[in-house]
There are 2 protein chains.
Amino acid sequence: MQPHRILEVTLSRATDRQQKRRRIAEAVCLLADEHGMDGVTLRDVAARAGVSMGAVQRCFGTKDEMLLFALGHISERVTERIAGGSTNAGDLTRVAAEIALLDPAYQHEARVWLAFVARAAVSPLLADVLRRNYELVEVMLERLVSALGVTDARGQARALLALADGLTTHVLVGYLTRDVAADILKSHLDRLTRMG
Amino acid sequence: MQPHRILEVTLSRATDRQQKRRRIAEAVCLLADEHGMDGVTLRDVAARAGVSMGAVQRCFGTKDEMLLFALGHISERVTERIAGGSTNAGDLTRVAAEIALLDPAYQHEARVWLAFVARAAVSPLLADVLRRNYELVEVMLERLVSALGVTDARGQARALLALADGLTTHVLVGYLTRDVAADILKSHLDRLTRMG
DNA sequence: CCGAAAACGATGCAACCGCATCGGATAGTA
DNA sequence: TACTATCCGATGCGGTTGCATCGTTTTCGG
């Protein structure tokens with residue numbers, strides 16, 4: 001068999017592996033959403049993903065590796081969605097709302113995110129992934145904010161990011177309603193726009 | 001023996017109980033700070049508190065009750081510290097800094113708080129305690145903010161609370177340094193003051 | 001077509017979990 | 001001093017955890 005055939009096959013296998021990895025990562029997110037990070041066990045993950053436990057072990061040498069990949073997976077998805085639309089100045093509102101995950105459809109992602117953040121506080125590896133993700137979002141936000149003509153765009157971007165995250169958390173624990181959080185976010189953005 | 005003697009003894013016993021409860025709660029916080037909520041097991045808690053496992057079981061019927069009490073314990077402590085100083089208008093800076101737990105001495109409390117918040121997202125009982133605590137802080141913040149002559153003091157108080165929480169989280173995962181977070185918070189407060 | 005290699009799912013394993021139970025130590029009452 | 005009720009710490013128990021190991025099946029290169 002020719003080398004290029006070998007390459008094909010190898011790639012195909014690798015692709016399958018990656019697909020299975022992603023499916024497992026999805027299962028991790030589902031469980032983390034439902035029962036928190038404690039509810040993420042290898043057996044339950046395998047059952048949710050519709051694979052055997054051995055498959056999970058083969059895809060990820062250890063549970064921590066699995067969680068690391070899962071965090072990277074969801075981070076990637078969220079970041080891509082945020083960066084998805086055009087980066088017009090008017091998109092700041094949309095972007096901010098998506099960062100805050102205020103839409104009910106994103107409630108699940110918000111819970112997963114919170115579970116990972118909490119674990120990242122005591123797991124340097126997870127923290128690294130999270131930090132990288134925040135820096136990516138910060139860059140995007142800074143661009144949008146600076147387009148408003150605001151001074152200290154970076155600081156304002158960071159503040160907006162923190163505000164959005166805090167609001168998400170407060171909604172999750174039931175302290176604020178989604179509507180109230182959305183109003184607060186909107187008010188903040190209005191003020192930011194007025195500043196420019 | 002007279003009834004009042006009985007009352008004395010009973011009270012003394014009850015006091016001992018509460019003291020032991022608090023000591024156990026402290027141990028819970030220590031462990032949650034070091035290894036996250038997963039690291040909080042009855043055995044480790046007992047060892048940390050310097051009591052037997054049976055003592056922990058006797059103080060709290062179940063693990064959830066223990067966690068519930070521990071959350072109430074730390075919430076109370078933080079809230080009291082925040083409300084401790086006089087509520088002058090100038091104290092807004094101090095209060096905000098203490099809410100954000102930016103001082104390195106509060107780093108541990110911040111980690112514990114995050115661990116509980118994450119669990120509260122999937123535990124209604126914990127969420128109730130947390131929500132009550134947030135509402136308490138909100139009232140204090142609203143009073144301070146309204147003293148600045150700001151319109152929509154409640155909304156601004158909520159925004160400030162969310163910003164502080166978000167900054168705390170971002171510092172914990174290593175995305176922001178304490179100094180940067182403090183600057184952002186200060187900048188926000190300055191703007192708020194200028195608004196009034 | 002065949003042999004090596006990889007993937008597979010099932011099962012085993014030691015450690016740990018929360019909780020229940022137990023006999024003995026202790027303290028309060030008459 | 002006896003009696004009793006509470007407290008105490010140790011141990012047991014069923015269940016679950018993450019991970020290792022097994023024989024078997026599938027896949028792929030020659």
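Reminder, nothing fancy here: chain letters follow the sequence lines and each chain counts from 1. Basis for what follows: all heavy atoms, side chains included, without hydrogens, waters or symmetry-related copies.
Considering only the side chain of A:Asp44, D:dT17 comes nearest among D:dC19, D:dT17, C:dG9. Of all nucleotides listed (D:dG18, C:dC8, D:dC8), C:dC8 comes nearest to the side chain of A:Lys20. Side-chain atoms of A:Arg43 lie closest to C:dC13 of the nucleotides D:dG9, C:dC13, C:dC19. The side chain of B:Ala55 sits closest to D:dG9 out of D:dG12, D:dG18, D:dG9. The side chain of A:Thr62 lies closest to D:dC19 when the candidates are D:dC19, D:dG9, D:dT17.
Atom C1' of nucleotide C:dG18 and atom CG of B:Leu68 are separated by 17 Å, given to the nearest angstrom. Distance CD (B:Gln57) to P (D:dC7): 15 Å, rounded to an integer number of Å. Look at CD on B:Glu65: it is 14 Å from P on C:dG18, rounded to the nearest Å. Distance CZ (B:Arg58) to P (C:dC19): 15 Å, rounded to an integer number of Å. Straight-line distance from the CG atom of A:Asp38 to the P atom of D:dG18: 11 Å, rounded to whole Å. The distance between atom CD1 of B:Ile24 and atom P of D:dG9, rounded to the nearest whole Å, is 10 Å. Here the P atom of nucleotide C:dA20 and the CZ atom of B:Phe60 are 16 Å apart, to the nearest Å. In this structure, CG of A:Leu31 is placed 15 Å from C1' of D:dT16, rounded to the nearest angstrom.
With respect to the salt-bridge test (charged N to carboxylate O, under 4.0 angstrom), the residues B:Arg131 and B:Asp128 qualify. A salt bridge is absent between B:Arg158 and B:Glu142: the closest approach of a Lys/Arg side-chain nitrogen to an acidic carboxylate oxygen does not fall below 4.0 angstrom.
Within the 4.5 Å cutoff, no side-chain heavy atoms of A:Val129 are placed close to those of A:Asn133.
Of the possible polar contacts, none joining the A:Thr62 side chain to the A:Glu65 backbone as a donor-acceptor pair under 3.5 Å is found.
Between D:dA10 and B:Ser52, no contact under 4.0 Å exists linking OP1 or OP2 to a side-chain N or O.
Nucleic acid contact for B:Val40: sugar-phosphate only, since backbone atoms but no base atoms lie under 4.0 Å from a heavy atom of the residue.
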Practice prompt. Take A:Arg48 and A:Glu26 through the test salt bridge (Lys or Arg N to Asp or Glu O under 4.0 Å) and record every step on the way to the result.
Written response: CA-CA 9 Å; A:Arg48 262 314 172 91; A:Glu26 295 287 343; over 6 Å; no

